[in-house]
Amino acid sequence: MDQKYHPAEIEARWQSVWQKEKTFAARTDPDREKYYLLEMFPYPSGRIHMGHVRNYTIGDVVARYKRMCGYNVLHPMGWDAFGMPAENAAIANNTHPAKWTYENIAAMRRELKSLGFSYDWDREIATCTPDYYRWEQWLFIRMYKKDMIYRKEAHVNWCERCQTVLANEQVESGDCWRCGDPVRQKNLKQWFFKITDYADDLLEYCDRLDGWPEKVTTMQKNWIGKSTGAEIDFPVEKMDESIRVFTTRPDTLFGATFMCLAPEHPLVETLSAGKKQGGEVAGFVERMARESHADRIMETREKEGVFTGGWCINPLNGRRMPVYIANFALMEYGTGAVMSVPAHDQRDYEFAKKYGLDIIVVIRPEDTDEASVAATEAYAGDGIMVNSGDFSGMDSASGKEAVIEYTEKNGIGKRSVNYRLRDWGISRQRYWGAPIPVIHCDACGAVPVPEKDLPVVLPEDADLLAGGKSPLESLESFVNVSCPECDAPARRETDTMDTFVESSWYFERYCSPHYDAGIFDPDDVAYWMPVDQYIGGVEHAVMHLLYSRYFTRVLNDLGLVGFREPFTRLLTQGMVCKETVSCESHGFLYPEETDYKKDAPFCARCGKEAETGRVEKMSKSKKNVIDPNALVERYGADTVRLFCLFAAPPEKDLEWSEQGVEGSFRFLSRVWRLFQRWAGRLADTTPYTGEPGGLPEDARDLYIKTHQSVKKVTDDIEQRFHFNTAISAVMELTNRMNAVEPEKAEAPMEGVMRYALDMTALLLCPVVPHIAEEIWAATGNKPGTLCDQPWPGYREDSLASATRLLVVQVNGKLRGRFEIDADADEETIKSRALEDPNAVRFIRGKTIRKVIVVRDKLVNIVV
RNA sequence: GCCUGGGUGGCGGAACAGGUAGACGCAAGGGACUUAAAAUCCCUUGGGGCAAGUCCCCGUACGAGUUCGAUUCUCGUCCCAGGCACCA
């Protein structure tokens with residue numbers, strides 16, 4: 001064993017051993033209990049960042065721990081490799097997205113390997129390979145044939161000058177990010193997955209996902225946004241038309257005084273045709289169409305609208321209601337029409353006040369009189385129905401039912417459910433994505449590519465800047481095909497799929513990543529899936545996780561898998577944060593651009609004193625980033641891993657601290673010296689594993705501490721993933737071991753020390769696997785066997801000493817303490833407590849009313 | 001506005017089932033070793049008080065309550081973070 005702890009040398013050595021021996025290769029084995037541990041795979045952006053390091057370290061501890069517990073562990077890694085950054089980078093650097101992507105993958109793979117993660121690298125996948133996306137295309141066709149996919153017109157952000165579609169994040173305050181021209185909305189035919197068919201199923205299962213943080217399931221429930229109510233028809237005056245609305249408050253129907261339509265509503269033109277309002281209406285519609293969706297949806301926006309000139313009739317009371325179009329009415333939700341009840345909806349209230357429309361109170365709160373309702377703002381709560389004809393006097397809940405039944409009986413409405421969740425639009429007018437496997441034929445329509453012709457390979461020779469159009473669209477060799485059904489000349493679909501599609505099923509592909517007879521091997525998937533523990537950032541709480549749950553249901557309904565939920569347990573880890581530093585002339589500063597004199601930061605470029613800002617999520621834009629590579633080089637992977645786990649529990653944010661890293665390194669150096677001090681001497685010593693009874697006091701104390709530590713570390717990892725407290729338990733143990741002087745140690749202590757050393761190596765193995773292997777071997781254990789060792793157990797009879805320290809309270813205040821045999825009876829404990837010299841001072845002269853004895857804890861004397 | 005979390009020393013964080021608040025680490029101060037420094041090791045470290053102790057008082061955002069006893073449970077208030085947000 002070297003004098004000093006040199007992580008670089010030992011880490012490289014063990015990593016190559018694990019690679020050569022394929023230590024972490026997973027094999028399907030129905031005779032063994034499986035454990036599938038998965039971390040969210042990264043986008044290959046170029047370098048790994050501290051967020052990845054934290055995520056993957058947490059996962060690695062669990063994977064290695066479960067493996068030692070005897071599970072057959074699957075722990076794969078791969079790349080979410082399609083996406084826009086590759087395309088942008090390719091344009092900026094005049095290279096190809098594939099080249100950029102594969103180079104990044106190579107660099108990041110190297111970085112991940114340098115951290116010693118226990119991946120089965122043979123299962124690595126990259127979603128941009130035809131091997132992968134051909135099965136996605138295959139699945140698309142299956143879904144298409146089962147009527148799970150459809151095509152419809154939908155808005156996209158369009159830049160006229162660049163002749164291109166822009167993603168939402170490429171629209172900067174309404175303008176194109178490249179040329180600065182205003183962005184317009186444009187309608188394009190696009191592909192949609194019918195996720196709304198699964199809305200109820202996805203919603204209901206939220207409450208059964210016991211292993212998920214409630215925060216995430218709540219977010220998903222809100223996102224799905226189920227609301228129940230009714231659809232009701234309002235006949236249009238003097239026309240053979242009616243307007244259908246969706247409402248959650250049928251009990252307020254008598255208070256509806258006007259109607260609001262979305263500007264895109266099909267009846268808008270009919271209603272205003274030939275009226276004097278026609279011009280104004282057309283102008284308003286045109287103005288709304290020009291606004292981007294994001295702007296339209298912005299809250300704080302003033303409610304505005306125009307009268308269409310048309311009227312409709314409230315079917316319950318026959319009231320004439322003016323029909324408006326309004327900016328807040330959304331065509332995508334409900335029916336695109338709102339019955340406006342200004343007395344009981346704040347938005348309608350503001351609109352009514354602005355345009356001088358009637359406000360009629362129809363709900364009275366239990367203990368308020370009618371006159372004071374809706375005086376200054378709408379009353380949106382429940383109450384008693386008033387001014388509502390035969391329904392007056394009913395409470396809101398039964399009123400809702402009654403009105404719905406009435407409309408159903410009279411054929412003017414029906415019970416209805418609406419969701420905030422929309423169908424999933426997956427068309428992207430982009431190059432770097434999986435081609436949608438469809439051919440458009442004038443005669444046969446949209447025809448799926450025959451399975452035998454898959455994959456539809458993404459052509460490599462597309463010109464990314466070709467005429468500003470979607471690169472695939474202008475690639476004649478790709479576009480021009482013959483129809484698979486009638487053989488006539490046809491055009492290939494040029495949209496590619498949303499990259500969320502790839503990440504919705506990759507965990508199933510990992511089970512048999514090289515299988516080429518199908519999307520995956522059914523036996524492998526049946527064995528490994530579902531994922532037992534999934535780990536990733538909260539930022540994916542809704543989209544990725546919801547899409548994955550949806551896809552799993554689709555696969556289930558297509559008969560491809562036998563389960564409906566992909567992830568049994570989910571852990572969302574917190575962000576990695578660091579303070580920002582900025583210079584008044586150079587803006588935010590990278591840590592490398594900052595000099596510290598004393599504690600104050602100075603700008604390395606101009607020498608001026610810089611300002612320390614608040615602690616925020618590490619991001620390139622704020623420049624408060626730390627390069628994991630540099631850290632690994634300086635301190636070693638084990639130190640970096642240890643710090644990530646020790647500084648905070650995994651679900652909380654982690655605040656970066658250079659001193660914290662130093663501290664972690666110091667701890668590992670201390671462990672190294674501890675083993676160095678004892679290793680040679682105890683190489684032939686048998687670890688003591690007997691009962692604690694016969695040991696001398698100091699050896700017994702250490703022995704008990706060791707068993708307690710094993711229990712504490714096991715419980716902390718097993719029950720809560722609280723690695724920070726698990727590590728502090730090991731620190732306490734090693735602190736205790738450090739206090740033992742080798743020169744004075746006798747035979748029983750040597751056996752106990754040897755046992756404690758072995759336990760230390762075992763307990764540290766999942767966290768800092770490289771140094772753990774090294775210290776394990778140093779005491780004469782067989783080199784390279786540590787991570788295959790079973791996780792240690794502990795003796796129940798060695799968790800506590802024979803005596804207990806009890807405290808004495810008088811009226812709940814701490815007054816003294818004493819040590820007593822663990823099996824002392826209650827009377828003995830009481831009398832010892834009552835004799836306590838300090839406690840006596842507080843008891844004297846007072847009447848003892850009660851004495852409470854809590855086993856192993858305390859005695860409280862009430863006076 | 002609604003929904004979720006969360007407020008504990010100078011700092012990150014402990015206290016798992018109402019029972020010794022501040023484990024473990026960082027920072028700071030003092031000391032040892034050294035010609036010196038680094039590294040390492042030892043000690044002190046929530047605030048206040050004095051008669052200086054096996055001492056007392058205060059203290060877990062704030063205010064009440066339940067209890068022999070509350071960081072932990074209940075009610076109210078304030079603040080912070082994240083998510084959703086014209087959803088009819």
Side-chain angles (χ1 to χ4, degrees), chain A residues 4 213-223 225-227 229 245-249 252 260 262 296-303 326-330 332-341 345-348 350-351 380 418-422 538-539 541-542 574-575 599 643 646-649 651-664 666-667 669-670 673 712 715-716 719-720 722 724-732 735 738 805-818 836-839 841 849-852 854-863:
Chain A
K4 270 190 79 182
E214 203 189 295
K215 174 168 68 161
V216 176
T217 48
T218 310
M219 280 164 71
Q220 295 212 346
K221 284 190 218 167
N222 292 341
W223 187 263
K226 180 177 183 171
S227 30
V245 302
F246 171 75
T247 179
T248 55
R249 295 297 302 271
T252 65
C260 286
R296 228 354 240 292
I297 289 302
M298 268 234 295
E299 205 214 348
T300 59
R301 263 191 87 86
E302 202 184 339
K303 282 128 201 62
N327 60 345
F328 61 79
L330 308 171
E332 312 93 83
Y333 188 79
T335 60
V338 189
M339 73 173 206
S340 295
V341 185
D345 181 294
Q346 187 57 28
R347 192 184 46 188
D348 297 344
E350 286 167 32
F351 196 86
N418 246 292
Y419 300 92
R420 211 190 73 101
L421 180 73
R422 306 282 147 75
V538 233
E539 63 272 24
V542 178
M575 301 179 297
D599 282 334
F643 172 75
F646 181 64
E651 68 279 3
K652 283 187 72 170
D653 287 351
L654 181 146
E655 191 184 327
W656 178 257
S657 153
E658 188 72 31
Q659 285 100 333
V661 181
E662 295 270 2
S664 296
R666 267 203 298 271
F667 169 67
S669 304
R670 256 195 319 270
R673 282 195 303 274
K712 169 90 176 137
D715 291 349
D716 282 347
Q719 294 165 13
R720 316 190 293 166
H722 276 202
N724 56 334
T725 50
I727 291 164
S728 72
V730 180
M731 285 173 168
E732 282 184 52
N735 285 349
N738 265 322
L805 182 69
L806 301 197
V807 299
V808 186
Q809 296 182 338
V810 179
N811 284 348
K813 283 191 187 258
L814 178 68
R815 297 303 179 188
R817 65 197 82 212
F818 63 90
D836 183 274
N838 198 46
R841 291 173 41 217
R849 306 173 66 100
K850 213 191 312 183
V851 179
I852 296 154
V854 182
R855 274 240 77 89
D856 298 346
K857 298 269 187 188
L858 54 74
V859 181
N860 190 12
I861 302 161
V862 188
V863 298

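None of these values were measured; they are calculated from a predicted model. Just so it is clear: chains get the letters A, B, ... in the order the sequence lines come, proteins before strands, and each one is counted from 1.
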remark   = Taking for A:E732 and for A:N738 the nucleotide of RNA chain B with the nearest heavy atom, the one nearer the 5' end belongs to A:E732
RNA chain B: 5'-proximal contact among A:E655 and A:E214 (nearest heavy atom) = A:E214
Please determine if a side-chain N or O atom of [X] lies less than 4.0 Å away from the OP1 or OP2 oxygen of [N].
| X | N | answer |
| --- | --- | --- |
| A:R666 | B:A27 | yes |
| A:T218 | B:G83 | no |
| A:R673 | B:A39 | no |
| A:N735 | B:G25 | yes |
| A:R420 | B:A85 | yes |
| A:N724 | B:A23 | no |
| A:K813 | B:C55 | no |

Regarding [N], can its base be found pairing with the side chain of [X] as donor and acceptor, where the two atoms are less than 3.5 Å apart?
| X | N | value |
| --- | --- | --- |
| A:N860 | B:C68 | yes |
| A:K850 | B:C68 | no |
| A:R249 | B:A88 | no |

Using atom [atom1] of [X] as one end and atom [atom2] of [N] as the other, report the distance to the nearest whole Å.
| X | N | atom1 | atom2 | value |
| --- | --- | --- | --- | --- |
| A:H722 | B:C24 | NE2 | P | 19 Å |
| A:W223 | B:U4 | CH2 | P | 18 Å |
| A:L814 | B:C56 | CG | C1' | 12 Å |
| A:E662 | B:C11 | CD | C1' | 16 Å |
| A:D348 | B:C86 | CG | P | 15 Å |
| A:N222 | B:G82 | CG | P | 17 Å |
| A:L858 | B:G19 | CG | P | 9 Å |
| A:E651 | B:G82 | CD | C1' | 14 Å |

Return the nearest nucleotide to the side chain of [X]; candidates are [options].
| X | options | value |
| --- | --- | --- |
| A:A329 | B:C24, B:A88, B:U20 | B:A88 |
| A:I852 | B:C68, B:C24, B:G13 | B:C68 |
| A:K215 | B:C84, B:A88, B:U4 | B:U4 |
| A:R422 | B:G13, B:C87, B:C24 | B:C87 |
| A:S728 | B:A23, B:G13, B:C84 | B:A23 |
| A:R841 | B:A15, B:G12, B:C55 | B:C55 |
| A:P837 | B:U54, B:G25, B:C3 | B:U54 |
| A:F646 | B:C16, B:A21, B:G12 | B:G12 |
| A:L805 | B:G25, B:U20, B:A14 | B:U20 |

Base, sugar-phosphate, or nothing for [X], non-hydrogen atoms under 4.0 angstrom?
| X | answer |
| --- | --- |
| A:V862 | sugar-phosphate |
| A:T335 | nothing |
| A:K652 | sugar-phosphate |
| A:R815 | sugar-phosphate |
| A:D345 | nothing |
| A:Q809 | base |
| A:T248 | sugar-phosphate |
| A:P213 | nothing |

Between [N] and [M], how far is it from one [atom1] atom to the other, in whole Å?
| N | M | atom1 | result |
| --- | --- | --- | --- |
| B:U4 | B:U77 | P | 16 Å |
| B:G18 | B:C56 | C1' | 26 Å |
| B:G22 | B:U44 | C1' | 16 Å |
| B:C79 | B:G30 | C1' | 39 Å |
| B:C2 | B:G19 | C1' | 39 Å |
| B:G83 | B:G25 | P | 35 Å |
| B:C26 | B:C3 | P | 43 Å |
| B:C68 | B:C50 | P | 36 Å |

request  = Report the C-alpha distance between A:F351 and A:F328 in whole Å, list the side-chain angles of each, state the deciding distance to 0.1 Å, and finish with yes or no for ring-ring contact (aromatic ring centres under 6.0 Å, His included).
outcome  = CA-CA 10 Å; A:F351 196 86; A:F328 61 79; 5.6 Å; yes
query = To the nearest 0.5 Å, what is the distance between CG (A:N811) and CD1 (A:I861)?
reply = 9.5 Å
ask   = For the atom pair CG (A:N222) and OG1 (A:T217), what is the distance rounded to the nearest 0.5 Å?
value = 9.5 Å
task = Would you indicate whether A:E214, at its atom CD, is surrounded by more than 12 heavy atoms from other residues, nucleotides or ligands within a distance under 6.0 Å?
result = no
N-glycosidic conformation, B:G9 - syn within 90 degrees of 0, else anti = syn
State whether the side chain of [X] and the backbone N or O of [Y] hold a donor-acceptor pair below 3.5 Å, judged by distance alone.
| X | Y | answer |
| --- | --- | --- |
| A:N418 | A:S227 | no |
| A:R815 | A:D836 | no |
| A:D653 | A:M575 | yes |

